[in-house]
Asks: 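Take this structure first; my questions come after.
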Amino acid sequence: MASSCDGCASAGNCSAQENGGCDEQQSLLEDLNEYSSVKKVIGVVSGKGGVGKSFVTASLASAMKKKGYAVGILDADITGPSIPKMYGIHGPATGSELGIEPIESPDGIRIMSVNLLMEDEEAPVVWRGPVIAGTVKQFWSEVFWGDLDYLFVDMPPGTGDVPLTVFQSLPVDGIIVVTSPQELVQMIVKKAYNMAGMMDIPVLGIIENYSYLVCPDCGKEIRLFGESHIDEAAAQMGLEVLGRMPLDPAYAELADAGLFHKADNIYLDKATELLAGL
């Protein structure tokens, strides 16, 4: 019979099985920058790429900022960072005795991304997994975040090194899973959900992106990816659907222009209400 430590040991977070339990995960937490205070850490995850995870991260961050909270974004998508471009901010980030200084978006969100540390923003990040994971830890321990109410972590897709590092190294208060309407996505959502369960991370709910397109002529909702299966998937896992967002070219235009702080996402009210109540 497998021991109770087998699952987490295979994930690399139980280094003292001889103690008879899996209480070592807490010891893997990295210390936050000593001059910073972060009340809530929220991970934004997706089981696959291309579902608008960074868009949801930025939308939630901007919405909470507009509610009066102090907000930051840790861009953990090291090899595919997009948050700085969406807000029109550029490096290089500078440092002081307090740590690496994030760069603020026009609406006051404190952002740290690998693109803000590179001389050439278009240069590829060709790093192996351990180096990428180490960078994510540094973004937590060496960046001067100041006093934040919410730090959103924009994670790369999948269940690989970086999500594992974030779950083990940061005190994540909950994750939000981003998905799209295809039936295939049910399986993808369950992978992210099951990984969070293995790491004892609460799943706060699901947000569906690309739910429909509103015809500019007649106003009809067009289901580009077919009928949604999100309610069925959410019910199977006992999760709440926190929002359904249409494919809206106006949001894409703002992101491409670096003006995402001007976006007003009206489809995430349920999600922001939940976050405000944590």
Side-chain angles (χ1 to χ4, degrees), residues 40-67 69 71 73-77 82-83 86 109 150-159 163 166 172-197 201-214 221 223-248 250-252 254-255 260 263-278:
K40 298 293 181 183
V41 178
I42 307 298
V44 182
V45 309
S46 63
K48 65 184 294 294
V51 297
K53 172 185 48 58
S54 296
F55 168 71
V56 171
T57 302
S59 294
L60 291 172
S62 290
M64 297 307 287
K65 180 65 180 177
K66 289 174 182 176
K67 286 180 175 288
Y69 295 102
V71 178
I73 298 177
L74 189 162
D75 188 355
D77 196 349
S82 57
I83 294 293
M86 294 176 68
I109 297 173
Y150 296 91
L151 178 65
F152 291 93
V153 182
D154 182 22
M155 286 199 264
T159 55
V166 170
V172 180
D173 293 281
I175 66 168
I176 291 176
V177 181
V178 183
T179 184
S180 56
Q182 298 99 315
E183 186 172 3
L184 168 66
V185 171
Q186 290 188 46
M187 178 185 71
I188 304 300
V189 170
K190 288 177 182 177
K191 286 181 180 292
Y193 172 81
N194 289 334
M195 181 181 185
I201 304 295
V203 181
L204 303 178
I206 306 174
I207 292 175
E208 183 180 76
N209 196 18
Y210 310 139
S211 295
Y212 56 90
L213 172 68
V214 177
E221 294 184 0
R223 310 287 170 174
L224 292 174
F225 297 102
E227 290 301 316
S228 173
H229 298 273
I230 192 66
D231 289 320
E232 178 184 343
Q236 290 178 359
M237 292 175 280
L239 298 177
E240 185 175 7
V241 178
L242 298 176
R244 292 178 173 83
M245 299 186 301
L247 180 61
D248 190 338
Y251 290 135
L254 288 173
F260 199 78
D264 187 14
N265 194 327
I266 63 175
Y267 305 98
L268 296 179
D269 289 347
K270 184 183 291 188
T272 56
E273 289 174 7
L274 181 148
L275 292 173
L278 290 179

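It should be emphasised that the depicted structure is a prediction, and the values quoted were computed from it without experimental measurement. Computation of the quantities below employed the complete heavy-atom set of this structure, encompassing side-chain atoms and omitting hydrogens, waters and symmetry-equivalent molecules.
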Asks: Is it true that a side-chain atom of Asp173 and a backbone atom of Val41 form a donor plus acceptor pair closer than 3.5 Å?
Replies: yes
Asks: Using 30° and 60° as the class boundaries, would you call the ring planes of Phe225 and Tyr210 parallel, tilted or perpendicular?
Replies: tilted
Asks: Using side chain to side chain contact (heavy atoms under 4.5 Å, CB included) as the criterion, point out the one residue from Thr57, Ile207, Val203 that pairs with Ile176.
Replies: Ile207
Asks: For Val44 and Val56, work out which heavy atoms get closest and say how close.
Replies: CG1-CG1, 4.3 Å
Asks: With rounding to the nearest 0.5 angstrom, report the NZ to OH distance, Lys40 to Tyr69.
Replies: 11.0 Å
Asks: Please check: side-chain N/O of Lys53 versus main-chain N/O of Met155, any donor-acceptor pairing under 3.5 Å?
Replies: yes
Asks: Side chains of Lys66 and Asn265: closer than 4.5 Å at any heavy-atom pair?
Replies: no
Asks: Heavy atoms, side chains only, cut-off 4.5 Å: are Val166 and Val45 in contact?
Replies: no
Asks: Report the C-alpha distance between Val189 and Glu208 in whole Å, list the side-chain angles of each, state the deciding distance to 0.1 Å, and finish with yes or no for side chain to side chain contact (heavy atoms under 4.5 Å, CB included).
Replies: CA-CA 11 Å; Val189 170; Glu208 183 180 76; over 6 Å; no
Asks: Less than 4.5 Å apart, side chain to side chain, heavy atoms only: is that true for Met237 and Ile206?
Replies: yes
Asks: Indicate every side-chain donor-acceptor pair of residues 268-278 with a distance under 3.5 Å to a residue at least two apart or in another chain.
Replies:
unit_1, atom_1, unit_2, atom_2, d
Thr272, OG1, Leu268, O, 3.3
Thr272, OG1, Asp269, O, 3.0

Asks: What distance separates Leu60 CG from Tyr150 OH, expressed to the nearest 0.5 Å?
Replies: 11.0 Å
Asks: Looking only at non-hydrogen atoms, find the nearest pair between Gly52 and Asn209 and report the distance.
Replies: CA-ND2, 3.6 Å
Asks: Taking ring pair (Phe, Tyr, Trp, His ring centres under 6.0 Å) as the test, write out the residues that go with Tyr193, two or more places apart.
Replies: none
Asks: Please round to the nearest 0.5 Å and tell me the distance separating atom CG of Leu247 and atom OH of Tyr212.
Replies: 11.0 Å
Asks: With sequence neighbours excluded, tell me which residues meet ring pair (Phe, Tyr, Trp, His ring centres under 6.0 Å) with Tyr267.
Replies: none
Asks: Just verifying a value: how many Å separate Glu227 CD and Ser211 OG, rounded to the nearest 0.5 Å?
Replies: 11.0 Å
Asks: Please report the closest heavy-atom contact between Ser46 and Val51, naming both atoms and the distance.
Replies: CB-CG2, 3.5 Å
Asks: Would you indicate whether the side-chain heavy atoms of Pro181 and Arg223 approach each other to under 4.5 Å?
Replies: no
Asks: Just wondering, do Met245 and Tyr251 contact through their side chains at under 4.5 Å, heavy atoms?
Replies: no
